[in-house]
> 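Sharing a structure below in structure tokens format, with a few things to ask.
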Amino acid sequence: MGFQTTLLIISFIMSIILGIIIIPILKKLKVGQIERDDGPQSHLKKQGTPTMGGIIMIISMIIMITIVDIYFIIKGQNEIANKLFPILLLTIGFGLIGFIDDFKKLVLKNTKGLKPAYKMLGLLIISVAYVVYLVYGLQLGTETFIPFIKQTVLIPVYVYIPFAIIVILATTNAINLTDGIDGLSSSVSSIIITCLTIIGILYQVDEIGIFGSVIVGVILGFLMFNLHPAKVFMGDTGSLLLGGVISAMALYLKMPLLLIIIALIPVLETLSVIIQVAYFKKTGNRIFKMAPLHHHFELSGWKESKVVIIFSLITLALCVIGLKAV
């Protein structure tokens, strides 16, 4: 546990240092946030705030995991080093797809960004590669843990692979939708990842305990710049990255169903969009004042900081329940 704590602290410091360096560069490049005219009016003052801040997390992760890999190789524990690398590749891959989208929108001033079909194709390719690696490369099998019942069920491989891919894509999309208020996605994600990290430590899945500790430290460092009023936004670079991290860890632990509990806030954010669109198409009316869900509460009079605190506390409580469920 002491090693994981040390990693978390070093990752936290690394993320802060990189934030201090990178944010002025983003400002100089004029990589600024573009706010919707039909969104909450309080968001209009955020126009121009540097985004693509997920780069801070990506670089921090690469540096820290590389250092950890070298450390374990020197110690002769190549197995842990070898297992860390593929998890890093999945998450960085998702982050890079988000980066390309952000880069086209904000640097090349292409308002459409990366075409949705290309974006989904990229995410799909990375997801398939990761799931196939888990099943056939690491031979983790297709057993899936059932929360509360505390038993695993064996899912046929031809069912498990599509299921696992859907988990990755759905989780990534959910975290992306949760990113809309200063510090919301980073706060909620850090709590979820902390929960998965604790489970990894409890079950002695060393690579998850180590990887998660690094990620939590990196996110907390980024959060120092992302809390209201945010000095930088993560953009798709960060939200896709975090979605990849959460889904990768849950699948590695064979606990994707646990996400229904501990990631309920992102799940509700996604459902609010689906319900809003479906209801509007059918009736021409809206159920929520605005979707995703956090905007509904904003337009209902909640301050951004209140939304972040309430959503984070709910996530924390759900993660405690999740830990009891395993």
Side-chain angles (χ1 to χ4, degrees), residues 8-27 31-35 39-61 95 98 102 106 174-195 197 212-243 245-246 263 265-266 269 292-299 301-319:
L8 191 153
I9 293 170
I10 295 173
S11 301
F12 174 73
I13 295 170
M14 174 73 69
S15 185
I16 289 177
I17 292 171
L18 286 173
I20 293 171
I21 295 170
I22 291 173
I23 291 173
I25 295 173
L26 295 176
K27 285 182 179 178
V31 184
Q33 177 77 356
I34 302 171
E35 292 293 338
Q41 293 301 301
S42 60
H43 284 212
L44 295 178
K45 62 185 178 184
K46 300 180 183 184
Q47 191 88 9
T49 301
T51 189
M52 283 175 66
I55 296 172
I56 297 168
M57 291 189 277
I58 288 179
I59 297 175
S60 299
M61 284 172 57
D102 286 338
L106 302 167
I175 298 299
N176 185 251
L177 289 173
T178 307
D179 181 33
I181 290 180
D182 296 3
L184 178 59
S185 187
S186 44
S187 296
V188 169
S189 295
S190 65
I191 296 169
I192 295 169
I193 294 168
T194 299
C195 179
T197 303
S213 299
V214 169
I215 302 303
V216 171
V218 167
I219 299 173
L220 292 178
F222 176 78
L223 195 54
M224 296 298 100
F225 306 101
N226 190 229
L227 286 171
H228 185 73
K231 296 179 177 63
V232 67
F233 299 126
M234 66 174 67
D236 278 6
T237 308
S239 60
L240 294 184
L241 172 79
L242 294 180
V245 167
I246 292 169
I265 288 296
E269 294 271 29
L293 192 59
H294 55 261
H295 287 319
H296 170 79
F297 287 105
E298 268 194 290
L299 294 175
W302 287 25
K303 292 183 178 179
E304 284 189 58
S305 54
K306 181 178 179 180
V307 176
V308 174
I309 291 170
I310 297 297
F311 280 29
S312 296
L313 288 175
I314 291 172
T315 302
L316 180 60
L318 291 167
C319 284

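Starting from 1, each residue takes its place in the sequence as its number. Note that the coordinates shown come from a computational prediction; the quantities given were computed from them, not determined experimentally.
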> With rounding to the nearest 0.5 angstrom, report the CG to CG distance, Leu220 to Leu8.
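Interatomic distance, Leu220 CG to Leu8 CG, rounded to 0.5 Å: 6.0 Å.
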> Nearest 0.5 Å, what's the CG-CG distance between Leu177 and Leu184?
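It is 11.5 Å, given to the nearest 0.5 Å.
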> List for me each residue that meets side chain to side chain donor-acceptor pair (under 3.5 Å) alongside Asn176, sequence neighbours excluded, and say none if there are none.
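Counting only residues at least two positions away or on another chain, Asn176 forms a side chain to side chain donor-acceptor pair (under 3.5 Å) with Asp236, Ser239.
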> Filter on salt bridge (Lys or Arg N to Asp or Glu O under 4.0 Å), then keep only pairs touching residues 18-27, sequence neighbours left out; what's left?
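Counting only pairs at least two positions apart or across chains, no salt bridge (Lys or Arg N to Asp or Glu O under 4.0 Å) contact touches residues 18-27.
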> Could you give the distance from OG (Ser305) to CD1 (Ile181), rounded to the nearest 0.5 Å?
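Between Ser305 OG and Ile181 CD1, I get 9.5 Å after rounding to 0.5 Å.
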> Shortest non-hydrogen contact from Asn226 to Val232?
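Result for this residue pair: ND2-O, 2.9 Å.
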> Say you draw a straight line from OG of Ser60 to CD1 of Ile13; how long is it, rounded to the nearest 0.5 Å?
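One finds 12.0 Å between OG of Ser60 and CD1 of Ile13.
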> Among all residues two or more places apart in sequence or in another chain, which pass the side chain to side chain donor-acceptor pair (under 3.5 Å) test with Ser187?
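Testing Ser187 for side chain to side chain donor-acceptor pair (under 3.5 Å), a comparison that skips the adjacent residues, returns none.
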> Has the side chain of Asp182 got a donor or acceptor atom that lies under 3.5 Å from a matching backbone atom of Ala230?
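At least one qualifying donor-acceptor pair exists.
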> Nearest 0.5 angstrom please: Ile17 CD1 to Ile59 CD1, how far?
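These two atoms lie 13.0 Å from each other.
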> Side chains of residues 19-26: which donor-acceptor pairs under 3.5 Å do they make with residues two or more places apart or in other chains?
none

> Looking at every heavy atom in both His295 and Gly180, which two are closest together, and how far apart are they?
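Scanning both residues, the minimum pair turns out to be CE1-O, 3.8 Å.
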> Would you say the side-chain atoms of Glu269 pair up with the backbone N or O of His294, donor to acceptor, closer than 3.5 Å?
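Yes, because the side chain of Glu269 sits within donor-acceptor range (under 3.5 Å) of the backbone of His294.
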> If I take atom CG from residue Leu18 and atom CZ from residue Phe225, how far apart are they, to the nearest 0.5 angstrom?
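The CG atom of Leu18 sits 9.0 Å away from the CZ atom of Phe225.
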> Kindly determine whether Met224 and Phe12 satisfy side chain to side chain contact (heavy atoms under 4.5 Å, CB included), including the steps that lead there.
CA-CA 10 Å; Met224 296 298 100; Phe12 174 73; 4.0 Å; yes
> Kindly list each side-chain donor-acceptor pair under 3.5 angstrom involving residues 310-319, sequence neighbours excluded, with atom names and distances?
{"unit_1": "Ser312", "atom_1": "OG", "unit_2": "Val308", "atom_2": "O", "d": "2.7"}
{"unit_1": "Thr315", "atom_1": "OG1", "unit_2": "Phe311", "atom_2": "O", "d": "2.8"}

> Do you know which two heavy atoms are closest between Leu242 and Met234, and how far apart they sit?
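Smallest interatomic distance, heavy atoms only, reads CD1-CE, 3.8 Å.
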> Among residues at least two apart in sequence or on other chains, which ones pass side chain to side chain donor-acceptor pair (under 3.5 Å) with Ser189?
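Scan of Ser189 (side chain to side chain donor-acceptor pair (under 3.5 Å), adjacent residues dropped) gives none.
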> Listed by chain and number, what are the side chain to side chain contact (heavy atoms under 4.5 Å, CB included) partners of Ser11, not counting sequence neighbours?
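Expected list: Met64, Val214, Val218.
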> How close do Ile193 and Thr197 get, heavy atom to heavy atom, and via which atoms?
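So the minimum-distance heavy-atom pair works out to O-OG1, 2.7 Å.
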> Counting only N and O atoms by type, is there a donor-acceptor contact under 3.5 Å from the side chain of Thr178 to the main-chain atoms of Ser185?
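Looks like no, no N/O pair under 3.5 Å.
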> At their closest point, which heavy atom of Pro266 faces which heavy atom of Ile192, and how far apart are they?
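Minimum heavy-atom contact is CG-CD1, 4.2 Å.
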> Heavy atoms only: give me the nearest Gly54-Leu241 pair and the separation to one decimal.
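Smallest interatomic distance, heavy atoms only, reads O-CD2, 4.5 Å.
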